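The structure under discussion appears below in the form of structure tokens.
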Amino acid sequence: MPVHHLIVVYLISTLLVFLPSFGLAPLFKKAGYAPWKAFVPFYNTWVMQEIAGRPKHWVFWQFIPVVGWFITPGIFIEFAKVFCRFSIADHFFAAILAPFYFPWLARNKDARFIKAEGVKHHQKPAWREWVDAAVFAVVAATLIRIFIFEAYVIPSSSMEKTLLINDYLFVSKFSYGPRIPNTPLSVPFVHNYLPGSSAKSYTTLIELPYIRWFAAPVKRNDCVVFNFPEGDTVINKDGFQSAQPYYMFERMLGRDRVLNDPQFQPLAVHPVDKTDNYIKRCIGIAGDSLKIVNGIVYINNQPGNIAPTSATFYTFRTKNNTPVDADFLRESGIRLNMESNSPDFAMLNGGNYSINLTLPELEILKKLPVIDPNSIVKDVTPAGLVEQGTFPFDTLHFKWNRDNFGTIWIPKKGATITLTKENIALYRRAIQVYEKNTLVEHANGSFAINGTPTDKYTFKMDYYWMMGDNRHKSQDSRYWGFVPEDHVVGKAAMIWFSYEDGPRWRRFFKIIK
């Protein structure tokens with residue numbers, strides 16, 4: 001962890017134990033200890049544990065970055081008990097509002113010092129045992145969710161036929177190193193909105209910089225869960241959010257139109273860790289050069305790996321115009337998702353059919369007696385035909401589409417590029433938004449970054465290129481660009497549950513490749 005990040009973490013830890021000191025000092029005096037000891041950070045918690053008769057090794061646990069923030073409130077609660085405070089309300093305020101609670105407690109006439117022995121004689125009612133156990137379970141589960149693994153469910157078909165809708169995954173936080181939340185004050189087990197509402201589930205009262213422990217880079221071809229890069233501002237309505245991103249409408253209609261049109265209101269602004277989660281395959285890593293030619297990805301001028309479950313669309317005809325349907329193809333071993341807005345199989349004009357296939361399924365189709373194998377053609381958008389909405393949204397310099405795209409260089413931490421009017425569209429958002437610089441572009445083609453004229457920029461983070469395995473049904477880097485390393489959540493590790501009209505037993509506990 002960088003030194004400046006550790007400084008921020010330990011500054012917060014120090015404030016947590018110091019701010020209650022003005023209330024702790026008179027309580028120390030009641031307990032027979034010198035009041036000045038309350039004003040020495042961490043020594044004061046040592047004394048509190050001594051007064052409460054609790055293990056002093058808990059004091060050292062406070063020095064574990066971020067985890068220590070959960071230990072300190074526990075010490076405060078144990079200290080409140082020696083002054084005969086056993087209610088849930090007392091323990092809540094001691095843990096959450098200690099700088100205000102302990103001054104109040106010091107002036108409270110009912111705050112009798114009963115020593116550690118008195119605490120031992122206090123018996124909790126049975127219901128309180130359950131409440132305390134539940135609180136412990138929530139804290140433990142929250143720590144596991146932050147540092148070890150998190151559950152995730154596949155909401156769309158963009159990764160079919162690798163990952164199916166309603167596959168439930170475990171996402172490993174250890175694969176790339178656990179990332180400390182930017183917004184630690186949030187409702188447990190909830191992402192960015194409270195269930196059933198558009199109200200945010202977190203507060204930005206405390207915001208932390210990007211911190212990742214034991215950082216490891218994303219590997220090429222990993223299935224990765226990450227925060228949607230264009231999800232920092234969203235239209236806070238059902239049907240919009242990241243499915244129809246705010247920035248897409250801004251590019252189509254202009255910023256003023258979107259901001260002033262009631263149909264696009266209200267807007268919600270999220271920090272990085274609270275933007276919507278996406279899952280895609282990492283096709284290109286930092287420093288790679290990437291291009292797509294007729295639907296085939298090339299990395300550093302070499303054909304990229306194609307997952308056997310990666311799908312794309314083909315057209316075909318049958319012999320003698322024999323009709324075929326989805327049920328017949330399914331029975332032949334071809335998986336088809338017939339969702340109404342974008343089905344995997346459809347009959348086209350002139351007796352042609354459109355079908356979404358993996359390479360193994362393509363071989364199945366070729367061998368079916370009713371299919372004319374010579375008629376099977378891959379559905380490819382021709383080179384030079386501009387597809388509106390493709391990154392980097394500059395049709396003057398980049399005439400790209402989903403199947404013919406690039407060449408594009410993926411930014412690498414520490415690498416320096418020369419900025420030009422031809423390439424600035426590729427890296428503008430990374431420089432301005434992800435790395436938080438001011439960028440001024442002059443009419444003569446020159447630039448100024450943070451007020452300094454320059455045509456050079458050195459990247460502060462690694463970036464990645466993410467694409468869905470279901471290539472023609474995926475909103476991915478072709479439509480919003482690079483994924484910065486601080487947006488990476490974890491690696492999709494295992495499917496632990498799956499259903500479609502009942503459990504899909506064969507997918508249970510399947511390792512994701």
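Given the structure is predicted, the values throughout are model-derived calculations rather than measurements.
Remark: Asp501 CG is loosely packed, at most 12 non-hydrogen atoms of other residues, nucleotides or ligands lying under 6.0 Å away. Heavy-atom neighbours of Lys460 NZ from other residues, nucleotides or ligands within 6.0 Å: above the threshold of 12. The local environment of NZ in Lys378 is crowded, with over 12 non-hydrogen atoms from other residues, nucleotides or ligands closer than 6.0 Å.
Below 30°, between 30° and 60°, or above 60°: for His270 and Tyr193 the angle between ring planes is above 60°, a perpendicular geometry. Between Trp505 and Phe508, the angle of the ring planes lies from 30° to 60°, which puts this pair in the tilted group. Ring geometry for Tyr168 versus Trp496: interplanar angle over 60°, hence perpendicular rather than tilted (30 to 60°).
The closest donor-acceptor contact from the side chain of Gln244 to the backbone of Gly239 lies under 3.5 Å. Side-chain atoms of Lys473 come within 3.5 Å of backbone atoms of Ser342 as a donor-acceptor pair (strictly under, hydrogens ignored). Between the Asn227 side chain and the Asn277 main chain, no donor and acceptor come within less than 3.5 Å of each other. Side-chain atoms of Ser157 do not come within 3.5 Å of backbone N or O of Glu160 as any donor-acceptor pair. With hydrogens and angles ignored, the 3.5 Å screen pairs a side-chain donor or acceptor of Arg281 with a backbone N or O of Asn221. Looking only at distances, a side-chain donor or acceptor of Glu435 sits under 3.5 Å from a matching main-chain atom of Met461. In this structure, Arg145 contributes its side chain and Pro188 its backbone to no donor-acceptor pair below 3.5 Å. Using a distance-only test at 3.5 Å, with no hydrogens or angles considered, no donor-acceptor pair links the side chain of Arg317 to the main chain of Ser375. The backbone N or O of Gly295 sits nowhere less than 3.5 Å from a side-chain atom of Asn404 that would complete a donor-acceptor pair. Remark: the backbone N or O of His191 is paired with a side-chain donor or acceptor of Ser201 at under 3.5 angstrom.
In summary, the side chains of Tyr176 and Glu485 do not present any donor paired with an acceptor at a separation below 3.5 Å, with no hydrogens or angles considered. Looking at Glu207 and Tyr202, their side chains never bring a donor and an acceptor atom within 3.5 Å of each other. Residues Tyr278 and Gln475 have side chains that bring a donor and an acceptor to within less than 3.5 angstrom of each other. Checked by atom type, the side-chain pair Arg471/Asn356 shows no donor-acceptor distance below 3.5 Å. No side-chain donor-acceptor contact under 3.5 Å links Ser310 and Asp469. Judged by distance alone, the side chains of Asn337 and Asp344 never bring a donor and an acceptor atom under 3.5 Å apart. Remark: the Ser498 side chain and the Arg504 side chain contain an N/O donor-acceptor pair separated by less than 3.5 Å. Side-chain contact, Thr452 with Asn450: no donor N or O sits under 3.5 Å from an acceptor N or O. A donor atom on one side chain and an acceptor atom on the other are found under 3.5 Å apart for Thr183 and Asp273. Defined by atom type and a distance below 3.5 Å, a donor-acceptor pair is missing between the side-chain atoms of Ser474 and Ser158. A donor-acceptor contact closer than 3.5 angstrom links the side chains of Lys456 and Thr418. Side-chain atoms of Gln241 and Asn236 form a donor-acceptor pair, as typed in the model, at a separation below 3.5 Å. For the residue pair Asn300/Gln302, the side-chain donor-acceptor check at 3.5 Å is not satisfied.
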message = Show, in sequence, the C-alpha distance, side-chain angles and deciding distance for Asp232 and Arg429, and conclude whether the salt bridge (charged side-chain N to carboxylate O under 4.0 Å, His left out) test is met.
response = CA-CA 12 Å; Asp232 53 78; Arg429 184 169 174 83; 2.5 Å; yes
task = Using the side chain to side chain donor-acceptor pair (under 3.5 Å) rule, take Ser242 and Asp276 through it: C-alpha gap first, then chi angles, then the decisive distance, then the call.
result = CA-CA 7 Å; Ser242 61; Asp276 287 349; 2.8 Å; yes
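Asp325 is linked by a side chain to side chain contact (heavy atoms under 4.5 Å, CB included) to Asp327, Phe328, counting only residues two or more places apart in sequence or in another chain.
To the nearest 0.5 Å, atom CD1 of residue Ile424 and atom OH of residue Tyr457 are 10.5 Å apart. Note that OH of Tyr246 and CZ of Arg251 are 10.5 Å apart. Values are rounded to the nearest 0.5 Å. Here Ile180 contributes atom CD1 and Ile211 contributes atom CD1; the two are 6.0 Å apart, rounded to the nearest 0.5 Å. Between the CZ atom in Phe240 and the CD atom in Gln265 there is a gap of 10.5 Å [rounded to 0.5 Å]. Here the straight-line distance linking atom OG1 of Thr312 with atom CG of Asn470 works out to 8.0 Å at 0.5 Å rounding. The CG atom of Asp379 sits 11.5 Å away from atom CG of Leu357, with the distance rounded to the nearest 0.5 Å.
Taking 4.5 Å as the limit, some side-chain heavy atom of Glu150 sits within range of a side-chain heavy atom of Val489. Here the side chains of Met467 and Lys280 are not in contact, with every heavy-atom distance at 4.5 Å or above. Using a 4.5 Å cut-off on side-chain heavy atoms (C-beta onward), Thr315 and Ile355 make no contact. The shortest distance between side-chain heavy atoms of Ile146 and Pro181 falls below 4.5 Å. Considering only heavy atoms from C-beta on, Leu290 comes within 4.5 Å of Ile283 through its side chain. Pro245 has its side chain out of reach of Tyr479: every pair of non-hydrogen atoms, C-beta onward, lies at least 4.5 Å apart. At a threshold of 4.5 Å between non-hydrogen side-chain atoms, the residues Trp69 and Leu16 count as touching. When side chains are defined from C-beta on, Arg179 counts as touching Val272, because their heavy atoms get closer than 4.5 Å.
Of all heavy-atom pairs between Asp462 and Ala286, the closest is OD1-CB, 3.5 Å. Of all heavy-atom pairs spanning Gly284 and Ile299, the tightest one is CA-CD1, 4.3 Å. The two residues Pro217 and Tyr464 make their nearest non-hydrogen contact at CA-OH, 3.7 Å. For the pair Ile364 and Gly333, the tightest heavy-atom approach, listed with the atom from each and the gap, is CD1-O, 3.8 Å. Closest non-hydrogen pair, Trp409 versus Ala415, comes out as CH2-CB, 3.7 Å. Of all heavy-atom pairs spanning Pro360 and Pro308, the tightest one is CD-O, 3.3 Å.
Two rings, from Phe482 and Trp465, have their centers less than 6.0 Å apart. Here the two rings, on Phe264 and Phe249, have centers that are under 6.0 Å apart. Checked against a 6.0 Å centroid threshold, the rings of His487 and Tyr434 count as neighbours.
Arg428 has a carboxylate O that lies under 4.0 Å from a charged side-chain N of Glu441, or vice versa, which qualifies the two as a salt bridge. Look at Lys399 and Asp394 and you find no salt bridge, because none of the NZ, NE, NH1 or NH2 atoms lies under 4.0 Å from a carboxylate O.
For the ring-ring contact (aromatic ring centres under 6.0 Å, His included) criterion with Trp480, the lone passing option out of Tyr247, Phe391, Phe228 is Phe228. A salt bridge (Lys or Arg N to Asp or Glu O under 4.0 Å) with Glu361 is found for exactly one of Arg335, Lys366, Lys161, namely Lys161.
By the 6.0 Å and 45° rule, Lys291 stacks over the aromatic ring of Tyr298.
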